[in-house]
Amino acid sequence: SETPYIDLVELGQKMEGGMNNYLNIVAAGDPQSWQFDRLSFFFGDRSFQVKLKGRRWDTQLGATSQALVLFAYHYALLSLVAEERFNYPGLVIVDFPVELMDSKTIGGGENYLVEPFVELCNRLGEDKAQFIAAGRAFLGLEGAKRIKLEPSPFAGESPPNEQPSQ
């Protein structure tokens with residue numbers, strides 16, 4: 001079978017546009033969240049590069065801004081689903097770290113990170129795109145299905161009919 005031709009320049013431009021679109025959406029809600037220039041994205045034959053001001057992005061940003069870039073990368077990938085010629089599964093799963101604020105303090109504090117994904121998935125349709133975020137709150141997140149998980153009654157012990165690990 002023949003390998004399909006992929007225009008890496010065009011795909012890189014789509015990724016760059018998607019990443020910067022995410023960052024612009026986040027910054028529109030809170031201008032303090034992203035105060036940097038646009039990112040650039042380049043595909044090579046076997047790798048890709050994300051740059052900020054022509055240099056590696058990860059050497060110029062703190063942890064919070066680095067997390068925004070990673071979210072932007074996943075948003076850009078998910079946005080490729082809008083064009084059927086791109087073979088992307090349309091699924092993003094994010095597990096927020098436990099070290100953030102407690103759920104009473106955080107409330108809807110992480111919503112700004114996931115709202116662009118919720119809006120994108122609603123626009124694309126649930127048959128094409130899904131975004132699953134495991135976190136501690138997401139209160140008041142419009143347009144999303146929120147499922148609150150309860151702690152396991154077996155937390156810290158082996159469930160019945162299961163042998164303890166040795």
**Asked** Any side-chain heavy-atom pair from V26 and E115 closer than 4.5 angstrom?
**Response** no
**Item:** Spacing of NZ belonging to K128 relative to CG belonging to L78, to within rounding of 0.5 Å
**Value:** 11.5 Å
**Request:** Can you see which heavy atom on G90 is nearest to which on V81, and at what distance?
**Result:** CA-CG2, 3.4 Å
**Asked** Which is it for L23 and F36 under the side chain to side chain contact (heavy atoms under 4.5 Å, CB included) test, yes or no, and what are the steps along the way?
**Response** CA-CA 10 Å; L23 294 170; F36 305 96; over 6 Å; no
**Complete:** Shortest non-hydrogen pair, A133 vs V114, comes out as CB-CG1, 4.2 Å
**Asked** Say you draw a straight line from CG of D45 to CG of L8; how long is it, rounded to the nearest 0.5 Å?
**Response** 6.5 Å
**Asked** Between L70 and I25, is there a shared hydrophobic cluster once you connect ILVMFWY residues whose side-chain heavy atoms come closer than 4.5 Å?
**Response** yes
**Item:** W34 to A27 - nearest heavy-atom pair and separation
**Value:** O-CB, 4.0 Å
**Message:** On a heavy-atom basis, which atom in K14 and which in L80 lie closest, and how many Å separate them?
**Reply:** CB-CD2, 4.1 Å
**Asked** With a 6.0 Å cut-off on ring centres, are F117 and Y22 close enough?
**Response** yes
**Prompt:** Counting heavy atoms not belonging to E142, are there more than 12 under 6.0 Å from its CD?
**Reply:** no
**Request:** Taking all heavy atoms of M19 and all of A72, pick out the closest pair and write down the distance.
**Result:** CG-O, 3.4 Å
**E84, CD atom: more than 12 neighbouring heavy atoms under 6.0 Å** = no
**Request:** Taking all non-hydrogen atoms of both residues into account, name the closest pair between N122 and G143 and its distance.
**Result:** ND2-O, 3.2 Å
**From R38 atom CZ to K53 atom NZ, the distance as rounded to the nearest 0.5 Å** = 14.5 Å
**Request:** State plainly whether one hydrophobic cluster holds both Y88 and F48, where clusters connect Ile, Leu, Val, Met, Phe, Trp and Tyr through side-chain heavy atoms under 4.5 angstrom apart.
**Result:** yes
**Prompt:** How about R85: does its CZ atom have over 12 heavy atoms from other parts shown lying under 6.0 Å from it?
**Reply:** yes
**Asked** Say you draw a straight line from CD1 of I6 to CG of L11; how long is it, rounded to the nearest 0.5 Å?
**Response** 7.0 Å
**Message:** For the CG atom on D7, are there more than 12 heavy atoms of other groups (residues, nucleotides or ligands in this structure) within a distance under 6.0 Å?
**Reply:** yes
**Prompt:** Do L113 and I132 belong together in a cluster built from hydrophobic side chains that touch within less than 4.5 Å?
**Reply:** no
**Asked** Any link between F131 and L91 through a network of hydrophobic side chains (Ile, Leu, Val, Met, Phe, Trp, Tyr) touching at under 4.5 Å?
**Response** no
**Request:** Using a strict cut-off of less than 4.0 Å between a Lys/Arg side-chain nitrogen and an Asp/Glu carboxylate oxygen, indicate whether K51 and E16 qualify as a salt bridge.
**Result:** no
**Request:** Give a yes or no answer on whether the side chain of N24 reaches the backbone of N20 with a donor-acceptor pair at less than 3.5 Å.
**Result:** yes
**Asked** Shared ILVMFWY cluster between F42 and L61, side chains joined below 4.5 angstrom?
**Response** no
**Complete:** When rounded to the nearest 0.5 Å, the distance separating CD of E126 from SG of C121 is 10.0 Å
**Request:** Would you please test W57 and Q49 for side chain to side chain contact (heavy atoms under 4.5 Å, CB included) and show each step?
**Result:** CA-CA 9 Å; W57 65 276; Q49 294 179 358; over 6 Å; no
